[in-house]
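Only one structure is covered here, and it is reproduced in the block below.
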Amino acid sequence: MPWLAAIVNFAPLVGFVIALLWGKRLGEPKAAIAPVAALGVSFAAAVALFARILLGYGGDFSYTWLRVGGFTLDVGFQLDRFGGIMAVVVAAVSFAIHVYSTGYMSGDKLYGRYFAYLNLFSAAMLGLVLANNYLQAFIFWELVGLTSYLLIGFWFEKREAADAGMKAFITTRVGDVGLLVGVMLIFTLTGTFHFGTIFDLVGYGALAPAMITAIALLIFAGAVGKSAQLPLHVWLPDAMEGPTPVSALIHAATMVAAGVYLVARSFPIFVAAAATSEVVAYVGATTALMAATIAVVQVDIKRVLAYSTISQLGYMMLALGCGSQAAGIFHLYTHAFFKALLFLGAGAVIHACHTNDMREMGGLGRRMRVTAATFVLAALALAGVPPLSGFFSKDEILAAVVDHGGAYLAFAAFFTVFLTAFYMFRAIFVTFGGEAREKAQDAREAPWNMLGPMIFLCVFAVGAGWVGIPGVGKGFAGLAGLYVRGEHHGVNVGAMGASFALAAGGIALAWALYRARIYPVEKIYRAFWPVARVLERKYFFDDAYGFLFVKGTVFFARLWGLFDNYVIDGLVNATGWGLVLWSKFEGWFDLAVVDGLVNFAGWITQGFGKVFRRVQTGYVQEYLLILACGVVAILVAVLVIT
């Protein structure tokens, strides 16, 4: 069993090394062979691994990595149904995107490097979902962040792409700081990083409730960054500057899925921290509603899908916060397939029209029939139309909200259903319907190596949710070994009916406004221009962050520059001037005083020398005369005194 997990995890690393070292030398298309084959091997191994787990051969496999004194640090694999199904999803979507990329990235001068980064990205996410401890998970978590930075800014010659990569890296680091503190707090309190041991200690009540709440909040902080929840959602729309297959991978099965996965993997901690679970639910609901409203006014087809992803991630967090681990991961599982398909379809459209602006497209349904069909099916799945995959997973979330959420959570969840259907079919009618505009005149269907992965993903977008049909086996919760809050009794008919009605209403409104044109959209915009302006400015989050952090940083940098120029440099210059004056004073003192005293002593000595030198004439008679004079002087003195 562990050897299968090792193949799943490390096969993409082999492809990464080959593509990085020899990709440029091999050239296109040979540079893609090893990376694509590596993901194919990883996908096959993931399917085999999950099959063996279902047969009861799973378990927790740990190996000693480091031993210092009495401390032992282990690494290993958590081979349970949850990790197994996540590995299958990540490997399947990654494999499809690798194949698609062979066509989409054709002609790019960094073809080999692109596949190297893509392999490393997939390996990082696979390592995360199979890890059995928080430290190992955090290492792969950071590797996911690094590779996302490399891929979002892959076309770094463009200023927008370079800025988007930096924005994603910095924004997600904010959440990662919280996660790192949480991991360190866990180790401080428990002495281990191991999932199973920590969850047992939480279940036994070995940790204080306040500490459990703090740990849950810190883990959620990391998830807020990676899974683009309020207020750290701003990086994900700008991540569209990367190649479209990268967008598909980030939005479907890797980076944004990491945050939801970690919260779900840490679910025993969140169950014990009821207050934190409520925070998760409200943040998720607000994120879902906010992003859906912004998507309504976007004109860039990739940004429509980007805000859709943020909204759906909010749905997943809402389910987890309402206590349904199974519903949240079920939607993550189905969403990976239909959202990857939507991005690949958008990539095929952009590849054909050479623009992201939906207003410059139109009429593509007649020119790109396979792309249009798969895109519509994926949109229907996203809208929750039966019997497609999204219908089953979204209704599980709505049922959990109805059973365990409040009025606001229910409103946000159900109104988002309506908005999702509306903005997706707005995109479809504008892009694929109507008359072809200038950029769409010469559009042609994508090549087979792009259509093949789209058809592959379409199969899952249609049927992946059927494992959760109520009354058939144990549903998705049983398949993935996940938790559902409370007793699960059949179908919530009310939630299902309301969801379908709202989705149908959203599709109908989009048809009326953008296909039948019953009422001019321009008049609606003019009537509600203040609201439209707020939505176009994305609730001014980017403006606020730009003012507070970007311009604020520039302002303080300039302020520091002024301080440095006028105060620090002034002090330095004053010190310099003082040293110059001191050196001049010291020179004068040295010359006038020190040298003067020395010279004065010399002059005194010379003076006495000149005086007393005359006494030493060398004549004996003079010495006798002086001696006689001295004797006479002494005698006179004696006589006077006596």
Side-chain angles (χ1 to χ4, degrees), residues 145 148-149 152-153 159-179 217 220-242 247 250-251 255-256 258-260 279-318 321 356 408-409 411-413 415-416 419-420 423 525 528-556:
S148 68
Y149 164 75
I152 292 169
R159 176 64 182 269
E160 296 82 3
D163 289 347
M166 185 62 69
K167 185 176 183 179
F169 189 80
I170 293 173
T171 305
T172 54
R173 291 292 78 69
V174 175
D176 291 357
V177 170
L179 177 59
L217 284 172
F220 183 57
V224 166
K226 276 289 194 290
S227 289
Q229 300 295 285
L230 277 169
L232 300 180
H233 65 286
V234 292
W235 68 268
L236 192 55
D238 289 353
M240 298 303 95
E241 294 295 337
S247 302
I250 288 175
H251 286 249
M255 185 161 177
V256 297
V260 177
V279 170
V280 173
Y282 276 91
V283 170
T286 306
T287 302
L289 182 59
M290 176 215 66
T293 57
I294 296 175
V296 167
V297 300
Q298 296 298 306
V299 295
D300 183 321
I301 189 171
K302 286 176 69 175
R303 286 184 180 268
V304 172
L305 299 180
Y307 281 104
S308 172
T309 298
I310 296 173
S311 182
Q312 298 306 304
L313 291 166
Y315 256 123
M316 298 168 203
M317 290 296 187
L318 173 59
N356 290 25
Y408 170 73
L409 299 182
F411 165 76
F415 188 48
T416 301
L419 293 173
T420 302
Y423 67 65
Y525 181 90
F528 296 96
W529 71 265
V531 176
R533 182 62 175 165
V534 170
L535 297 180
E536 286 174 345
R537 300 300 298 177
K538 298 163 282 189
Y539 293 98
F540 301 101
F541 273 99
D542 283 302
D543 299 276
Y545 290 167
F547 178 78
L548 290 174
F549 299 113
V550 179
K551 291 184 179 178
T553 302
V554 171
F555 171 76
F556 281 110

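Atoms considered below: every heavy atom in the structure, side chains included; atoms not considered: hydrogens, waters and symmetry mates. Each residue takes its place number in the sequence, starting with 1. None of the values given here were measured: they were computed from a predicted structure.
- Here the CD-CG distance, from Q312 to L318, works out to 11.0 Å after rounding to the nearest 0.5 Å.
- With a 4.5 Å cut-off on side-chain heavy atoms, M316 and L313 count as touching.
- Side-chain atoms of T293 and V531, non-hydrogen and from C-beta on, never get closer than 4.5 Å to each other.
- For the atom pair OG1 (T416) and CG (L289), the distance works out to 4.5 Å, reported to the nearest 0.5 Å.
- A search for salt bridge (charged side-chain N to carboxylate O under 4.0 Å, His left out) contacts involving D542 returns K167, K538, not counting sequence neighbours.
- In this structure, F415 and F411 have parallel ring planes: the angle between them is below the 30° cut-off, well short of the 60° mark.
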Next on the checklist: Determine whether T287 and Y315 satisfy the following criterion, side chain to side chain donor-acceptor pair (under 3.5 Å), listing intermediate values before the conclusion.
Outcome noted: CA-CA 8 Å; T287 302; Y315 256 123; over 6 Å; no
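- In this structure, P237 and I310 have side chains that are in contact, with non-hydrogen atoms separated by less than 4.5 Å.
- The number of heavy-atom neighbours closer than 6.0 Å to CZ of F547, taken from other residues, nucleotides and ligands shown, is 12 or below.
- Inter-residue side-chain proximity for F541 and L230 is flagged as met; some heavy-atom pair is nearer than 4.5 Å.
- Using a 4.5 Å heavy-atom threshold, the side chains of L305 and H251 count as separate.
- Under the side-chain hydrogen bond (donor to acceptor under 3.5 Å, both in side chains) criterion, R533 pairs with no residue at all, not counting sequence neighbours.
- Residues T172 and Y149 have side chains that never bring a donor and an acceptor to within less than 3.5 angstrom of each other.
- A239 approaches S247 most closely through the heavy-atom pair O-OG, 4.0 Å.
- In this structure the side chain of F169 never reaches within 4.5 angstrom of the side chain of W235, judged on heavy atoms.
- For the residue pair L236 and A228, the shortest heavy atom distance occurs at CD2-CB, 3.8 Å.
- Counting heavy atoms from C-beta outward, V224 and M317 have side chains that stay 4.5 Å or more apart.
- Interatomic distance, K226 NZ to I250 CD1, rounded to the nearest 0.5 Å: 11.0 Å.
- Looking at E536, its side chain never comes within 3.5 Å of a backbone N or O of V534 through a donor-acceptor pair.
- Within 6.0 Å of the CZ atom in F528, the count of heavy atoms belonging to other residues, nucleotides or ligands does not exceed 12.
- The shortest heavy-atom contact between A291 and S311 is CB-N, 3.6 Å.
- Y423 meets the side-chain hydrogen bond (donor to acceptor under 3.5 Å, both in side chains) test with S308; sequence neighbours excluded.
- H233 has its ring centre no less than 6.0 Å from the ring centre of Y307.
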